[in-house]
Each structure stands twice: as structure tokens, then as C-alpha cells.
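Below is one structure; the comments refer to it alone.
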Amino acid sequence: MSLWAARAGSAERAVHNRHVHRLWRLPGTALGIVGWPAGLRSKLHIGAWHYWWQAHLLDCAIDAYLRGPSAARRVVIEQLLRGIRLRNLTNRWVNDFYDDIAWLGLAIQRGSRAAGVQPPGALPAIRERLREGWDGGGGGGIRWHVGSDFKNAPANGPAAILFARGGDADLAVRIADWMQRSLVDPDSGLVWDGVRVGGDGAVRAIERHAYTYCQGVYLGTCVELALVTDKAVWNQRARRTIAAVNAMMTGSDGVLGTHGGGDGGLFTGILARYLALAAVRMPGESQADRIARQTAADLVLTSAAAAWRNRAVAAGGPLFGGSWSAPAVPPAVGQVERDLSVQLSGWMLCEAAAFIERQRPDLL
């Protein structure tokens with residue numbers, strides 16, 4: 001077994017050992033406990049359950065299946081899907097947050113293609129809901145949630161990737177072009193978080209925070225559109241995003257910056273996922289394209305090496321820190337290492353490194 005495949009397998013086992021349990025003790029289900037060590041309420045999945053964290057847990061389970069297909073890993077995918085639907089409490093796949101359902105839609109789409117696991121009606125319901133989120137206010141874009149005045153990268157980027165992969169390139173292009181006009185800083189090339197739209201349809205404020213996952217989903221969108229449209233503009237935009245991340249979102253050690261715990265714990269793992277996608281799948285044979293692919297690979301591999309070097313040893317397997325550049329500490333109340341989001345990000349990073357190792361060993 002190759003180095004990063006083995007490390008990704010260790011991260012997979014650690015998350016399963018600590019966080020993945022039956023939903024309400026029902027056979028044939030699984031769901032991620034959001035904190036470890038977990039109290040009784042958490043073990044019973046009472047209270048916060050973080051729909052979008054579960055979507056990324058499912059995505060990581062699909063990464064593991066692609067790394068090493070097995071009947072057991074396919075069962076885990078099926079169990080997580082059952083658990084998410086049941087815990088949603090509506091007997092539906094959707095909720096009022098367009099970013100939530102876009103993340104889940106991407107995972108379901110990948111699971112269908114990779115493992116043949118496709119829950120009936122899930123993707124059509126999610127795609128229709130996302131289309132409903134688009135309107136002309138602020139020049140276009142999908143809202144963060146139903147009734148919100150906020151249109152942001154984490155709702156629009158995953159939706160664009162979903163549509164590009166699902167044969168609706170025209171809508172994906174419209175979303176990506178809106179992101180370019182509205183969210184990409186013309187000076188730095190970084191992607192801002194979002195815009196707030198007034199009742200008259202005009203943009204009344206720009207949220208200029210540039211989070212790592214905003215860069216990731218825009219990069220992923222550009223790579224998918226480069227593949228399905230064969231237009232040079234998407235490679236150009238992807239290259240600029242990679243260069244901006246490399247210049248402004250890493251430390252002096254070349255390791256990607258992170259955003260602590262809670263929701264922020266997932267942000268940089270998501271960026272690593274789409275940097276790996278760019279390294280492996282971005283088309284083009286120009287020198288600029290080759291440099292961009294190598295840069296994307298280096299960002300993932302340097303960050304993964306740091307996260308692994310700084311891991312803590314705990315019951316169940318490796319424990320990743322909230323910063324990949326600093327040693328992780330055993331989890332306790334108030335420490336981000338206990339968050340499922342942080343551990344998923346570390347697992348996602350290892351899977352991204354394993355993906356590059358498997359598909360493009362020349363970039364190592």
C-alpha cells in the first residue's frame with residue numbers, strides 16, 4: 001500500500017472509531033457524532049447534528065471507497081444516506097439551506113457514480129431546490145437559504161459543480177460568471193464570501209472575508225467547466241485562483257491556513273479536495289497549466305505532510321489539529337480537536353494527497 005493511501009486509511013478508521021455510530025441505535029443507519037469524547041445526548045444524536053458536516057462525512061466515505069472499493073465501504077455509504085435522511089426529520093433530502101443541500105447533492109452524485117448507490121429521487125429534488133434558489137437580485141446567484149438576503153460562494157460553488165457534472169453546463173456557467181463578477185476580488189484574485197442584496201435587487205454590501213473553502217469551490221467549478229466546455233477562460237480562472245491561494249493563504253512553511261473549529265474546521269479540507277482535483281484533472285498542456293497543476297499538488301502534499309507530522313496519538317487513531325502547522329492536543333472541552341469537522345478536514349486532506357499519489361505520481 002502506498003504512503004498516503006495508508007495514512008488516509010488510518011484517518012478513516014479514526015473517524016469511524018470515534019464519531020460514526022448508529023442513528024438512534026437503529027440497524028442499517030449511521031451518522032457522525034459532532035464531538036468526541038461524546039456525552040449521552042450526542043451519542044443519541046439529540047440536538048445539533050450539522051447536516052452539512054454529515055454531507056462531508058459521506059463524501060469522505062466515498063473517497064475511501066474510491067481508494068479501495070469494498071462491500072463494507074459501500075454499506076457505510078448506504079448507512080450514512082439512511083441516517084441523514086432520517087435525521088432530517090422530514091422524510092426528505094432537502095432543507096431551507098441551499099449550501100447544505102448542494103454539499104449533499106455532490107456527495108450523492110459521487111456515490112452514485114463511484115459505488116452505484118443512488119437513493120431514489122434525491123438528486124432531482126436537490127437540483128430542483130437549487131434552481132429555485134437562483135434569482136436576478138444582485139445580478140443573479142443562489143441565496144444562502146430560503147428568504148435570505150445573502151448570496152455566497154459556499155452555496156453557489158457547490159451548486160455549479162453539481163450542475164456541471166450533471167449535464168447542465170449552461171446553468172453552471174451562469175453561476176460561475178456571477179461569482180466572477182460579484183465575488184472575485186479584481187486585485188488579489190481571491191474569492192470573497194458573498195454579497196447582501198436589498199429589497200430593490202441591488203447589492204447593498206459585500207462580505208469581503210476570503211475563506212479557504214470559497215477558493216476551493218470556485219476552483220472546482222472552473223476545473224469542471226474547463227473539462228465540459230473546452231474554453232480557455234476556465235483554465236485561466238483556475239490558474240489565477242491557485243496562484244492567489246499559494247500567495248495569500250499559506251504560511252511561511254507553505255502549509256494552507258485553517259479556520260479553527262466548528263464550521264470553520266471543514267473549510268480548508270474542502271480547499272484541499274479541489275486543489276487535488278485541479279492537480280489531477282485540470283486540462284491543458286501549456287507551461288502555465290503545468291505550473292498550476294504542480295502548485296496545486298504541492299499545496300496539498302505540503303499541508304498533508306505537516307498535518308500528519310503534527311497529529312496527536314489518541315484512542316482510535318491519529319487526531320488532527322485545528323492548525324496543520326502546530327501540534328494537535330488531546331481533545332477537551334473548548335478545544336477544536338474534538339470537533340468532527342476538524343477531523344473530517346484532516347481525513348479529507350489525506351484522501352486528497354492519496355488521490356494525487358494514485359492518479360499523478362509524477363507530481364509527488
Side-chain angles (χ1 to χ4, degrees), residues 98 102 105-106 109-110 113 123 127 130-131 133-136 138-142 151-192 194-195 210 212-249 270-297 299-300 352 355-356 359-360 362-363:
Y98 296 111
L106 281 173
Q109 189 181 58
R110 292 182 71 227
R113 294 177 179 182
L123 275 177
R127 284 194 294 260
L130 290 172
R131 290 188 182 98
W134 173 282
D135 63 45
I142 295 172
K151 296 187 171 186
N152 62 352
N156 283 272
I161 297 168
L162 181 75
F163 287 124
R165 290 176 177 173
D168 196 344
D170 290 343
L171 180 52
V173 167
R174 288 168 61 201
I175 296 171
D177 282 343
W178 175 82
M179 293 179 73
Q180 173 68 27
R181 291 192 308 270
S182 304
L183 302 183
V184 176
D185 183 344
D187 297 322
S188 70
L190 290 176
V191 183
W192 295 322
V195 297
T212 49
Y213 73 154
C214 298
Q215 322 313 310
V217 295
Y218 184 66
L219 173 60
T221 296
C222 293
V223 170
E224 294 297 336
L225 288 174
L227 289 166
V228 300
T229 69
D230 198 30
K231 292 185 177 179
V233 64
W234 302 113
N235 272 47
Q236 293 166 6
R237 293 180 183 180
R239 292 196 303 263
R240 189 180 188 206
T241 305
I242 293 167
V245 167
N246 189 46
M248 285 168 276
M249 291 195 147
I270 292 167
L271 172 57
R273 174 183 297 284
Y274 291 107
L275 284 167
L277 178 76
V280 171
R281 298 194 63 209
M282 190 176 82
E285 293 305 321
S286 71
Q287 183 179 12
D289 291 325
R290 290 194 294 271
I291 290 171
R293 285 192 291 267
Q294 186 66 65
T295 301
L299 287 166
V300 171
F355 179 54
I356 294 170
Q359 298 291 332
R360 289 295 305 267
D362 58 303
L363 296 177

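Note that these values count all heavy atoms, side chains included, but never hydrogens, waters or copies made by symmetry.
Residues forming a side chain to side chain donor-acceptor pair (under 3.5 Å) with Arg281 (at least two apart in sequence, or on another chain): none. Partners of Gln359 according to the side chain to side chain donor-acceptor pair (under 3.5 Å) rule, which considers only residues two or more places apart in sequence or in another chain, do not exist here. Checked against side chain to side chain donor-acceptor pair (under 3.5 Å), Trp134 has no partners two or more places apart in sequence or in another chain. For Tyr218, the ring pair (Phe, Tyr, Trp, His ring centres under 6.0 Å) criterion is met by no residue, not counting sequence neighbours. Residues forming a side chain to side chain donor-acceptor pair (under 3.5 Å) with Asp289 (at least two apart in sequence, or on another chain): Asn235, Arg239, Ser286. With sequence neighbours excluded, no residue forms a salt bridge (Lys or Arg N to Asp or Glu O under 4.0 Å) with Asp230. Looking at residues two or more places apart in sequence or on another chain, you find no salt bridge (Lys or Arg N to Asp or Glu O under 4.0 Å) involving Arg113.
The backbone N or O of Asn152 sits less than 3.5 Å from a side-chain atom of Asn156, completing a donor-acceptor pair. Using a distance-only test at 3.5 Å, with no hydrogens or angles considered, a donor-acceptor pair links the side chain of Lys151 to the main chain of Gly141. Judged by distance alone, the side chain of Arg290 and the main-chain N or O of Gly284 form no donor-acceptor pair under 3.5 Å. Although no hydrogens or angles enter the test, the distance criterion places a donor-acceptor pair under 3.5 Å between the side chain of Trp178 and the main chain of Gly138. One N or O on the side chain of Gln215 and one on the backbone of Val191 form a donor-acceptor pair closer than 3.5 Å.
Looking at Thr229 and Trp234, their side chains come closer than 4.5 Å, going by heavy atoms from C-beta outward. With contacts defined as side-chain heavy-atom distances shorter than 4.5 Å, the pair Trp192/Cys214 does not qualify. The shortest distance between side-chain heavy atoms of Ile142 and Tyr98 falls below 4.5 Å.
Note that CD1 of Ile175 and OG1 of Thr221 are 8.0 Å apart. Values are rounded to the nearest 0.5 Å. Rounding to the nearest 0.5 angstrom, the gap separating the CG atom in Leu271 from the OG1 atom in Thr241 is 10.0 Å. To the nearest 0.5 Å, atom SG of residue Cys222 and atom CD1 of residue Ile242 are 9.5 Å apart. Rounding to the nearest 0.5 Å gives a distance of 13.0 Å between CD1 of Ile270 and CG of Leu219.
Residue Val184 comes nearest to Gly189 through the heavy atom pair CG1-O, 3.9 Å, listed as atom of the first residue, atom of the second, then distance. Of all heavy-atom pairs spanning Ala155 and Ala102, the tightest one is O-CB, 4.2 Å. Contact record, Ala176 with Leu225: CB-CD1, 3.7 Å, taken as the closest heavy-atom pair. The heavy-atom pair separating Ala276 from Val300 by the smallest distance is N-CG2, 3.9 Å. Looking at every heavy atom in both residues, Leu190 comes nearest to Ala244 through CD2-CB, 3.7 Å. Heavy atoms only, all atoms of each residue included: Ala297 and Leu363 are closest at CB-CB, 3.9 Å.
Identified under the salt bridge (Lys or Arg N to Asp or Glu O under 4.0 Å) test for residues 177-192, with sequence neighbours left out: Asp177-Arg237.
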Mind listing the side-chain donor-acceptor pairs of residues 157-168 below 3.5 Å, one per line with the distance, residues two or more places apart or on another chain?
residue, atom, partner, partner atom, Å
Arg165, NE, Glu224, OE2, 2.9
Arg165, NH2, Glu224, OE2, 3.1
Asp168, OD1, Leu171, N, 3.3
Asp168, OD2, Arg131, NH2, 3.3

